[in-house]
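Notes for the one structure printed next.
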Amino acid sequence: MDLLSGKNGGSIDTVQALIQDGLKQVPDEYIQPPSLRPTLTIHNSSLSNQAPVIDLSEFHTNSLERIRHEVGQACREWGVFQVINHGVPTRLLEEMKDIGLKFFECPLEEKLQYACKSGSAASEGYGSRMLVKEDQIFDWRGYFDHHTLPLARRNPSRWPHHPPSYRETVEKYSEQMKLLAQRLLTVISESIGLPSSYIQEIIGEPYQNITISYYPPCPQPELTLGLQAHSDIGAITLLIQDEVGGLQVLKDGQWITVQPLPDAIVVNLGDQTQVFLEAIQV
């Protein structure tokens, strides 16, 4: 396995580099135990087996009560849903996907200029192992993590300069995601009969990270996972998929694929919001 030195010290290895070297067999440290390996998932066209899709196009009209009801039901029954007509410009979503892909298509030496700090948990930058622990099985992915909010954490000089629009696009995306998250947290508060700002006041100053993930082709995909089963810390996660998809959610003991929809944004309740809602419903 190739070990590659980044400017922040230490060494990192990347699945992208392994594939470029002509890898034919997955290294042991990426092979999941049999019980955790990918299995056939539900793709049933029945609405009962699909993550809810909520139209936000009439957010400021008399349809707001309908939106509150649908969001509240999705939070109780799923903890994840997709939103369409959400107000985030379609062009911006496509630009985010485009700059991410172009960065990962850069020569490895250029990407390593932004390598995460060795030995620092969840540090900003380019990497393949966000949290490292003993005897860990690694994800089949690469990523770039940006610290975007509060503004005191933001330092665009640590972000790629190629393509030229990279930094400006991430900043625009950050603002749009912040606004959408605030709208959604407002509706979630109202859906359980609380004041609009209730959840946001409990959370306090918003912290935001933007992570672009890249999943290279795998020679033995039946043995690996792009991202292992987990819950998200924080209040809320907003995610955009490309047409390949692959995101799955656990519901009633079964892994269900969240089918990609054009211009949709996936909303996943983070641990903070889940715990709060469960406490309110007790």
Side-chain angles (χ1 to χ4, degrees), residues 1-32 36-38 93-133 136-148 156 158-163 165-167 169-170 173-174 209-230 232 237-248 260 266:
M1 177 178 297
D2 289 340
L3 291 177
L4 308 162
S5 297
K7 73 174 184 178
N8 289 318
S11 299
I12 64 172
D13 65 335
T14 75
V15 291
Q16 196 173 4
L18 295 175
I19 292 299
Q20 291 172 353
D21 287 344
L23 181 77
K24 301 299 182 183
Q25 189 172 357
V26 172
D28 290 345
E29 56 265 43
Y30 291 94
I31 297 177
Q32 295 291 328
L36 299 179
R37 291 175 188 172
L93 299 180
E94 293 304 316
E95 287 174 348
M96 273 299 295
K97 296 177 190 176
D98 183 63
I99 64 166
L101 183 59
K102 286 181 177 176
F103 169 75
F104 281 100
E105 289 175 343
C106 287
L108 185 59
E109 293 74 15
E110 183 172 339
K111 293 195 288 284
L112 287 175
Q113 295 179 34
Y114 306 98
C116 295
K117 292 182 179 179
S118 176
S120 178
S123 65
E124 184 174 34
Y126 168 64
S128 61
R129 302 177 176 186
M130 187 165 286
L131 297 174
V132 179
K133 57 186 178 181
Q136 180 178 350
I137 303 298
F138 296 112
D139 298 324
W140 193 263
R141 73 159 184 162
Y143 68 85
F144 197 109
D145 192 41
H146 312 74
H147 295 175
T148 47
R158 299 193 185 115
W159 305 346
H161 58 79
H162 177 80
S165 61
Y166 191 105
R167 296 173 181 179
T169 300
V170 172
Y173 184 79
S174 169
N209 282 18
I210 294 176
T211 303
I212 301 176
S213 294
Y214 179 79
Y215 303 96
C218 180
Q220 296 174 292
E222 72 279 4
L223 301 179
T224 66
L225 289 172
L227 188 59
Q228 299 172 53
H230 66 283
D232 292 334
T237 297
L238 304 179
L239 180 147
I240 56 176
Q241 300 191 82
D242 62 14
E243 64 277 2
V244 177
L247 176 67
Q248 297 175 343
V266 180

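FYI, the numbering just counts along the sequence from 1. Values below: every heavy atom of this structure, side chains too, minus hydrogens, waters and symmetry copies. From a predicted model like this one, the values you see are computed outputs, not experimental measurements.
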In Å, rounded to the nearest 0.5 Å, how long is the span from [atom1] of [X] to [atom2] of [Y]?
X      : Y      : atom1 : atom2 : value
Leu108 : Gln113 : CG    : CD    : 10.5 Å
Arg158 : Phe144 : CZ    : CZ    : 10.0 Å
Gln220 : Lys24  : CD    : NZ    : 11.5 Å
Arg167 : Ile99  : CZ    : CD1   : 11.0 Å
Asp139 : Leu227 : CG    : CG    : 5.0 Å
Glu110 : His161 : CD    : NE2   : 5.0 Å

Please check this pair: side chain of [X] against backbone of [Y], looking for a donor-acceptor N/O pair closer than 3.5 Å.
X      : Y      : result
Arg141 : Ser213 : no
Gln16  : Phe104 : yes
Trp140 : Tyr215 : no
Lys111 : Cys106 : yes
Arg37  : Thr224 : no

Are the aromatic ring centres of Tyr166 and His146 under 6.0 angstrom apart?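 Yes - the distance between ring centres of Tyr166 and His146 falls below the 6.0 Å cut-off.
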Under a 4.0 Å threshold between the charged nitrogen and the carboxylate oxygen, would Lys97 count as salt-bridged to Glu94?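 A salt bridge links Glu94 with Lys97.
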Under a 4.5 Å cut-off applied to non-hydrogen side-chain atoms, are [X] and [Y] in contact?
X      : Y      : answer
Tyr173 : Ile240 : yes
Asp145 : Cys116 : no
Ile19  : Pro219 : yes
Val15  : Ser128 : no
Leu225 : Ile137 : no
Glu124 : Trp159 : yes

Test of understanding: with side chain to side chain donor-acceptor pair (under 3.5 Å), list the residues that count as partners of Tyr214, not counting sequence neighbours.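 For Tyr214, no residue satisfies side chain to side chain donor-acceptor pair (under 3.5 Å) once neighbours in sequence are set aside.
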Under the side chain to side chain contact (heavy atoms under 4.5 Å, CB included) rule, what do Leu36 and Gln228 come out as? Steps first, then yes or no, please. CA-CA 9 Å; Leu36 299 179; Gln228 299 172 53; 5.5 Å; no
Considering non-hydrogen atoms only, spot the tightest contact between Glu243 and Pro260 and give its length. O-CG, 4.1 Å
Passing candidate, side chain to side chain donor-acceptor pair (under 3.5 Å) with Thr237, options Asp232, Asn209, Thr211: Asp232
